[in-house]
Amino acid sequence: MIPISIEAYVNKHCKNNPGEEPNQLRENLKQAVKNKKNGAICINCGQEIWAIGSAVAYQGCFSCLTGEVDSSEDYEIDEVCWS
């Protein structure tokens with residue numbers, strides 16, 4: 001995963017998704033980061049959550065949310081980007 005700050009991700013996401021509400025996304029990301037730090041697991045498979053995906057979809061890991069296994073070119077919030 002590629003580390004990215006919450007603010008940088010909000011800016012990038014909202015630029016690509018103009019209908020997105022940046023303040024709500026920011027709050028969702030902060031909550032997802034908190035959840036991941038507290039050991040939240042994917043509701044489907046039990047792996048650690050992907051904070052970015054969990055902020056926009058549901059509490060899930062990268063693979064369950066995207067259907068992919070290679071996360072090397074995807075972003076994760078820098079303060080929880082340890083996997």
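The first residue of the sequence shown is numbered 1, and numbering continues consecutively from there. Predicted model, so just to flag it, every value in this text is computed and none were measured.
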Least distance between heavy atoms, [X] atom then [Y] atom:
{"X": "Ser54", "Y": "Leu65", "value": "N-CD1, 3.8 Å"}
{"X": "Ile49", "Y": "Ala32", "value": "CD1-O, 3.7 Å"}
{"X": "Trp50", "Y": "Phe62", "value": "CB-N, 3.6 Å"}
{"X": "Ser72", "Y": "Ile2", "value": "O-CG1, 3.7 Å"}

- Would you please say whether a donor-acceptor pair under 3.5 Å links the side chains of Asn23 and Glu27?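 Short answer, no.
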
- Query: Does any donor atom in the side chain of Asn28 or Gln24 lie under 3.5 Å from an acceptor atom in the other side chain?
  - Reply: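 Side chains of Asn28 and Gln24: pair found under 3.5 Å.
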
Any side-chain heavy atom of [X] sitting closer than 4.5 Å to one from [Y]?
{"X": "Asn44", "Y": "Tyr58", "answer": "yes"}
{"X": "Ile52", "Y": "Asp74", "answer": "no"}
{"X": "Ile41", "Y": "Gln47", "answer": "no"}
{"X": "Tyr75", "Y": "Lys12", "answer": "yes"}
{"X": "Ser63", "Y": "Cys45", "answer": "no"}
{"X": "Ile6", "Y": "Lys30", "answer": "yes"}
{"X": "Ser5", "Y": "Ile77", "answer": "no"}
{"X": "His13", "Y": "Arg26", "answer": "no"}

- Task: May I ask you to check whether over 12 heavy atoms, not counting those of Glu73, lie within 6.0 Å of atom CD?
- Result: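 It does not: Glu73 CD has 12 such atoms or fewer within range.
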
- Item | Any donor-acceptor N/O pair, Lys36 side chain to Ala51 backbone, under 3.5 Å |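 Not confirmed, Lys36 side chain does not pair with Ala51 backbone.
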
- Task: Could you check Ile4 against Glu76 for side chain to side chain contact (heavy atoms under 4.5 Å, CB included), going step by step and ending with a plain yes or no?
- Result: CA-CA 6 Å; Ile4 191 170; Glu76 177 59 300; over 6 Å; no

- Task: May I ask whether Val56 and Met1 are part of the same hydrophobic cluster, defined by side-chain heavy atoms of I, L, V, M, F, W, Y residues being less than 4.5 angstrom apart, directly or through others?
- Result: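 Hydrophobic grouping puts Val56 with Met1.
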
- From Lys15 NZ over to Asn17 CG, what is the distance, rounded to the nearest 0.5 angstrom?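 Nearest 0.5 Å value for the NZ-CG distance: 12.0 Å.
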
